[in-house]
Amino acid sequence: MSWQLVVFASLNQAALVKRGLTREGIEVEMQRTPQSLSFTGCSFALRCRQEDVPRVAARCEELSIRPGGVFAETEAERNSQKRAFDVSELEQ
Amino acid sequence: MIYLDNAATSWPKPAGVAEAVVRALREPLGNPGRTHHRAALDAASMVAACREDLAELFHAPNPLRICFTANTTDALHLAIKGALRPGDHAICSAMEHNSVWRPLKALAEMGVELSVAEAGQTGFVHPENVRRLLRPNTRLVVMQHASNVTGTIQAIQEIGAIVRAHGALFLVDAAQSAGSLPIDVVSMSIDLLAFPGHKGLLGPQGTGGLYVGEGVELQLVREGGTGSESLNAEQPSFYPDRLESGTLNVPGIAGLDASVTYLLARGVSSVRKHETGLTVQLLRGLARIPGVTLYGPAVDTPRAAVVSFNLEGWECTALAEELERRAGIASRPGIHCAGLAHRTLGTAAIGTVRLSPGPFTSPEEIETALAVVEAIAREPRDLCPR
Ligand SMILES: Cc1ncc(COP(=O)(O)O)c(C=O)c1O
């Protein structure tokens, strides 16, 4: 399964996006954005399945949020201690 | 105790509110937005739930535009001082609470032009009284939804339409209406809604909020840590982080979430119906007692659950003490932090006794209160203290 990390400027945004998705039955995990991807300092992210990214994007649009980016979890790092992600396009 | 001071802060709270506060203190609940351990994420989820519930209650399209504050005053402060600059013109009504009147007067000292829309004897502000004060530089119109002295309900929808058409911002002080009267920020053209969590929303003291409409720009009166964009020296541009610097009152918000959940299930219309019944009962009963002077709208005119009166031969403060001494009735005498409103009503020198029932007040409690006032009124005057 392929995972994506959608990064938000604040936990307020991530938490509200997550609530909407949970209501829709979409499982996402709220977590701190890895420091290497936190371009503006502290930020929070939702880890979701690749196929759910469009639903995440739709929920963001409802709340007038522009995520800071969407990153794909790299194959090599998936099972290692350190999670690494590649930048991918936000599917709108 | 017969608690008739819900306009100051509501009591009792719905079942589950105290428990939610205790749970927030007893179980690990972290600082939302600051870190990512389970306790902090749980706190953030609870705060997000409360934002969503409040947005539903006020028909706000985006829960992220609901910012938590310490009370209504704090929210009004962020809105008034955030909206106005020297050279701007502001309008408020002649019924405003000091939480609106004092910041506006302070800004008037600093070059903001200020006009006051007249109110009639019942405290009602005719929308035309607002329209005729509008100027090309009018930036903000502030209006209370309901009076904390007379319960008078203002024509918010009509005034909102006038203000929107003029291109100014409309700030509503919902201290006496949030949770008790229907509020729809969209149909009422409300740009900024300041509300308490601890009155009609039935939550704990120390809670409140400000709704900021999409596209409304406020100058900041407070900057600080938000847990977001921490490398940036400037305050985030997005809401609610823009206005929410520092640690939130998480136990308070936990209680507020429980109370708003209760309100959404019971329905504001059910609360309104209950409170209207009690208010009419109170007004009719007081009107029959010799020596009572009632203030505000006529009995059959809709008003919030706030009743102000005086009894001949009694100072308002002495009467309030006597009500408590005889039957444990909690009321509020005096000027109610609303000198401007009392001047408008002609009661600035004497004040009034205010009785404000709530969603859990019973008709029997109102009957008892009426019987006590009547007994006092019928006693020979020389028995009265002062
Ligand atoms: C009309 C009105 N506005 C503002 C306030 C201030 O509310 P808070 O105590 O929540 O700051 C009150 C409080 O009684 C009020 O009645």
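All values below come from the heavy atoms of this structure, side chains included, with hydrogens, waters and symmetry mates left out. Every chain is numbered from 1, with letters handed out A, B, ... down the list of sequences.
Side chains of B/Glu223 and B/Gln235: no donor on one and acceptor on the other come within 3.5 Å.
Of all residues in residues 241-249 of chain B, those placing a non-hydrogen atom less than 4.5 angstrom from a non-hydrogen atom of chain A are B/Asp241, B/Glu244. Among the residues in residues 184-210 of chain B, none has a non-hydrogen atom closer than 4.5 angstrom to a non-hydrogen atom of chain A.
In this structure, the portion of B/Arg51 lying under 4.5 Å from any heavy atom of chain A is its side chain and not its backbone.
Tested against B/Met143, the residues B/Ile156, B/Leu171, B/Val163 include a single side-chain contact (heavy atoms from CB on, under 4.5 Å) partner, B/Ile156.
Salt-bridge annotation for B/Arg222 and B/Asp74: present, with a side-chain N of the basic residue lying under 4.0 Å from a carboxylate O of the acidic one. The pair A/Glu73-A/Arg47 meets the salt-bridge criterion, with a side-chain N (NZ, NE, NH1 or NH2) lying under 4.0 Å from an Asp/Glu carboxylate O.
Checking side-chain atoms of A/Ser10 against main-chain N and O of A/Gln13 turns up a donor-acceptor pair under 3.5 Å. A donor-acceptor pair is defined here as one N or O able to donate and one able to accept, closer than 3.5 Å; no such pair exists between the side chain of A/Glu61 and the backbone of A/Ala58.
Looking at heavy atoms from C-beta onward, B/Ile162 lies out of side-chain contact with B/Val141 at the 4.5 angstrom threshold. A heavy-atom distance below 4.5 Å is found between the side chains of B/Pro103 and B/Lys81. Looking at heavy atoms from C-beta onward, B/Leu140 lies out of side-chain contact with B/Asp88 at the 4.5 angstrom threshold. Residues A/Leu46 and A/Glu29 are not in side-chain contact: their nearest non-hydrogen atoms beyond the backbone lie 4.5 Å or more apart.
For the options A/Arg23, A/Glu62, A/Lys18, heavy-atom pairs under 4.5 Å to chain B are most numerous at A/Arg23. In terms of heavy-atom pairs under 4.5 Å with chain A, the best-connected choice from B/Asn232, B/Leu64, B/Thr226 is B/Leu64. Most heavy-atom pairs under 4.5 Å with chain B, from the set A/Ala14, A/Gly68, A/Ser64: that is A/Ser64.
By the neighbour-count criterion of 12 heavy atoms within 6.0 Å, atom CD of A/Glu24 is densely surrounded, having more than that number from other residues, nucleotides or ligands.
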